[in-house]
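Report on the following structure.
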Amino acid sequence: MQFGADFQTLIERFAPESDTPVALAVSGGSDSLALLYLAHEWAKDTGRALVVLTVDHRLRPEAKQEAEMVATLCAKLGHTHRT
């Protein structure tokens, strides 16, 4: 997948060092999952590593399941995940 200059510029603005992983916060909601998939494709194309972080805030009963779902998805995609 080819990424536009806008996404590349934005990511490099926050993570300019090409030899370090990019940290990405993913809650499990649809918007953050979309960002995860976009970043995953970018990471594949650029060879950058992603470290995905999810907070289980325990404010809703679903929070634990959402964090576990993100962890499972990250394992399938080949990215490090921390809750």
According to salt bridge (charged side-chain N to carboxylate O under 4.0 Å, His left out), who are the partners of Lys44, at least two apart in sequence or on a separate chain?
Glu41
With Arg60 via salt bridge (charged side-chain N to carboxylate O under 4.0 Å, His left out) - residues at least two apart
Glu62, Glu66
Applying the side-chain contact (heavy atoms from CB on, under 4.5 Å) criterion to Cys74, which one of Val52, Leu24, Val26, Leu50 satisfies it?
Val52
Could you note down all residue pairs passing side-chain hydrogen bond (donor to acceptor under 3.5 Å, both in side chains) where residues 26-35 supplies at least one of them, sequence neighbours left out?
Ser27-Ser32
Fellow cluster residues of Leu53, listed by chain then number, with links counted only when side-chain atoms sit under 4.5 Å apart
Val51
For His79, give me all partners under ring pair (Phe, Tyr, Trp, His ring centres under 6.0 Å), at least two apart in sequence or on another chain.
His40
Residues passing the side-chain contact (heavy atoms from CB on, under 4.5 Å) test with Thr20, sequence neighbours excluded, are Glu17, Arg48
Restricting to side-chain contact (heavy atoms from CB on, under 4.5 Å), what partner residues turn up for Ala67, sequence neighbours left out?
Thr54, Asp56, Thr83
Taking only residues at least two apart or on different chains, which pairs with a member in residues 67-83 satisfy salt bridge (Lys or Arg N to Asp or Glu O under 4.0 Å)?
none
Suppose the criterion is ring-ring contact (aromatic ring centres under 6.0 Å, His included): which pairs have a residue in residues 57-76, not counting sequence neighbours?
none
To the nearest 0.5 Å, tell me how far Leu33 CG sits from Leu38 CG.
12.5 Å
